[in-house]
Amino acid sequence: MSLGTQHDGHGGDVREDTDTVAAVADRVRGAIETVIEGKPDVLRIALTVLLAEGHLLIEDVPGVGKTMLAKALGRAVDCSVQRVQFTPDLLPSDITGVSVYHQDRNEFEFNPGPVFANIVLGDEINRASPKTQSALLECMAERQVSVDGRTRALERPFMVVATQNPGDMEGTYALPEAQRDRFMARVSVGYPSPQAELDMIDSHGSRSPLENLASVTNAAEIRDLIERVQRVHVAPGMRRYVVDLVNATRTAPELKLGASPRATLHLVRAARAHAALEGRHYVVPDDVQTLAVPILAHRLLPGPEAQMERLTAEQIVAKLVARLPVPAPR
Amino acid sequence: MPLATLVTMWSALPLLGGLIRGDQWWVPAAVLMTVAALASALYRWWLRDSLAVPFLQSFAVLLLYTPLFAPQTAVVGIFPTLDTLDHTLALFEQGVHTIDTNAPPVSPTPGLGMIIALVFVVFLMTADFLAVTARCPGMVGGLLLALMLVPLVVDEAGLGWGRAAICAFGFLALLAVDMWVRGREWGVPIPSGHGPESRAGAVFGRVGIAAASSVLAITLALLLPLSMPSLSSDAVFTKAENTQFGSNGSVTTTHPMVSLRRDLTSASDRTVLTYRTDEENPEYLRTFVLDEFDGEDWTMTPVHAGRDNNADEALPLPAGREGEPPEEEIVTTRVSMDSDTVPMDFLPLPYPARSVEIAGDWYVDESTLMVFTTEAPPSGYNFVVRSARNRPSAQTLALAGSPRSLTDDQLHLPRELDARVQELTDSLVEGTETDYERALALQNFFTDGDFTYDLNPPPVPENADPLTHFLFEDRIGYCQQYASAMAVMARQAGIPARVAVGYTSGRPSGDDRWTVSVRDAHAWPELYFEGSGWMRFEPTPADPNSGQGSASPPDYGSGSTEPPDDEGSEPEPSPTSEAGDSPREPSPDPEDDESAPEEGPAAAGTDEISSSDGASPVWAPIVGIGIAVSALMATPALGRMFLRWSRRSTMAAGGATAAHAAWRELHDTCLDLGMSWDLAESPRATAKRLASLSVADGGEPTEVARGALWRLALAEENARYAPEPQGGQELGGDLDAAQRALLAAASPGRRSRALLLPPSLAPWRRSRTESKPLPTVF
């Protein structure tokens, strides 16, 4: 039986792999949940993106815990976390690093910027100038930095968690769609429930719970998990399903701009990670359906009709998902 | 797919092979179909679109049509001109004429070829639309069925099984290609994890379903008619006796003898028609002429309706008469059919009719002057018929020469006729000199009393020839037997003869009016005399008690071989008074009044007897119908039960197929219970929704059911999407629990509908998404 999977020989191993992934992910999730309460969906997406080697865009109003989420993630995974606060006067070299001339040694020395870390937190990315934004986005796409003609690889895992305020806020340069496309997923944290907010008063009242957050895994283990995630099986029907879904965004009359082929790749990778997070060694439609909105919605531009009907991209994607038949044997 | 459709339509071409001679007629059809299919295939392959396909096909066919069928009218050999249109019309006319006038197999003419080619191209375009654009290749079967019906209806030889098999093979090939294309759209099929044996189990299940449903269908088709005892009662039986005339599909009607008997034995004396005429002794009204004797029955040569034999002008000259009869010989009869009568498609006309004024399309048969229609005739129509008098003097008849001008063979008799009949005829005509004397001798043989008139003659024993039985054994019968026997014997005596069926002149009802009722239905022989044409004779007794009450022997047949000369000149009043004394007497009023009541009870009595003979016990049909209805009602439930059973057996095999079978069963249960099933929903989502449904509606403790649903969903998910589906879990119990929970959640009405009329069996109830977000073009 040829199923066209690249890991046929590892049938048993894949199952083990996914169990490991699920166990580690549970630990990380448990750790983060001591800091961010009542947001399991956002957390799961964040972990999915981490394991799928993508970048996460968190878009929400100020003060709902965007930064906290990124920080908690970095802390729970024992790896380097760098934070860049984007401001209008931030320069590209402030991100990538600069070469400084040492007079005594008579040579240039490279001072690596904050991008040389496992998790880079780009705070309020839409406040920086487009030039600076694109510097970060280049690093995101190529996972390397070129300064003064030398190319330096970034560490693995490398994940940019960028936060931005919703579009029409003062002093912001909204990310153009071409750059939004480089983020694997966009989530919004949303306001906590009243109960979670009450609990928050207790836990955050005296000092930050972040300090109590002990790391439960490390970068090496995450790299290993990423390897394992790539072996998750995607049935031919499922591939077709993903392609159909992405295609649907291109042909949907409500949308001015559909999702890119990169979106297809991101969706498959994220679906693999999502399946592994649940301890499954194969992707099911539920994975794709859960991830469709966070992964596709921010790449789409609703057309004028959709705007007239006040349909957001998220709603359109959800509609498409609800209409597309799941792959089933005839 | 377009090419598969082409192959299918190609395979339908041989269906017509039996109807057309030669081996070239199919070429234009095949060429045009190929072009149309290629246009469709190329366009679809190139543009991945199907919108313009029919137009493109029409254009391609048009382009090729001219060089194929009308090359001489084309510009540069391709482009059609106005002449092409004329040529096409002429060809079409020719083709229609070929079809109309010839019995199959017909010789191929260009017109016929064109009609066949165009019909097939239209069929191909329809098939292409159905199979490729609409993705319903099964519907193409309807087109093939229509083609298959053509030889079945037209040709008595029917359809050879080889041709039917080729056509069926083409259809199956189309279905197979469609399955293959659909399968390819989903990529590699997900195999079962259990190797050949579970696959064999699944195949067995599928074959079993197919076999069982076909067996069920065939059994029902065979048993259902048997369980209806009432079907053999009189009404249907006579219908079943109907012979179809006009094997070319031109004219079909009930066998005249059957309707004759039905009329004669009918309980009521309904009026069939009334007519007005100034003639004192109107002719019989003849409906049919039976001019072929097959040893047992007289039948009608098939008549044809066409443009060349319209009845709206003067009718053809009757055989044996020279020239148009003078104006004073013409009798005008205004007939109005009773609106309660079953509409006749053959007109009752006095012979020989010269013209008929009637609305609608009516045709005339040249040799018999029968006037008929091919459409459903209206009930209660009126018409005016002008006919010539047909009362030559006995002398004229006696002087008639040999039948020279008769083209058809009206002396033909089958060889295997009993020799005693010939002997009898010879003995009867011994010593006669002319045909006329022989005819009289034969007529006298029947009227001279040895025969008994009875509308319900004792049944002819099996293996006995009805003719010899009537002549030599019982000598009991009614006009049908009399007329048939005399016509046969006349042929033996060398006089061309045939049997006419219709009505006697009826009874006068004052003021030139005559009324003809159903019991005036009659059959009589017509004998041919050169110079006078077909002459009516009357072997049936004209006695109201023991004979056809309203029958009247013609003057020339009254036996007076030396009639006065002036009898031949009919318009004079004296012969009519003489005719009043002749045996036509029974028709006048007093006797008519007597005969009617007397005939009434007699006929009613016989009718009672026949109905008590034919009727089965009252309960039998009721029980039969009851059984049939309940069997019919139980069919869906049985089908569903069988499906359930076969899925259960598949599930026992384990593996991915087991999970699929369980999931499909759950799907069907949901449909049966009227719950929605969304194809865009993953198995998990479905299970969750169903679990919440059963909680909401039933309120039962459904933890078990929820777990069962969840396990079913996971098994299905695993079977669908896992690289190596694992099987082995026992899903039967889970399925039971899930189904119980769903049943509990449904309303009682839904439950009984699920049992009796499971909607899951209806293909149109299969769940589907509201609309496909992307057009699937492959």
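Chain A is the first sequence line, chain B the second, and so forth, proteins listed ahead of strands; every chain is numbered from 1.
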Minimum heavy-atom distance between B/Arg720 and A/Pro327, given as atom pair plus value:
NH1-O, 3.3 Å
Counting only heavy atoms not in B/Phe129, do more than 12 sit closer than 6.0 Å to its CZ atom?
no
Where does B/Glu681 contact chain A at under 4.5 Å (heavy atoms): side chain, backbone, both or neither?
backbone
Can you name the nearest heavy-atom pair linking B/Ala680 to A/Leu324, along with the distance?
CB-O, 3.0 Å
Any side-chain heavy-atom pair from B/Ser682 and A/Gln289 closer than 4.5 angstrom?
yes
Could you tell me whether the side chain of B/Glu717 and the main chain of A/Val283 form a donor-acceptor pair under 3.5 Å?
no
Give, as side chain, backbone, both or neither, the part of A/Val321 having an atom under 4.5 angstrom from any heavy atom of chain B.
backbone
Nearest 0.5 angstrom please: B/Lys688 NZ to A/Asp286 CG, how far?
6.5 Å
Exam field: side chain B/Tyr721 to backbone A/His233, donor-acceptor pair closer than 3.5 Å:
no
Report yes if some heavy atom in the side chain of B/Arg684 is under 4.5 Å from a heavy atom in the side chain of A/Val284; otherwise report no.
yes
At a heavy-atom separation under 4.5 Å, does A/Arg280 approach chain B through its side chain, its backbone, both, or neither?
side chain
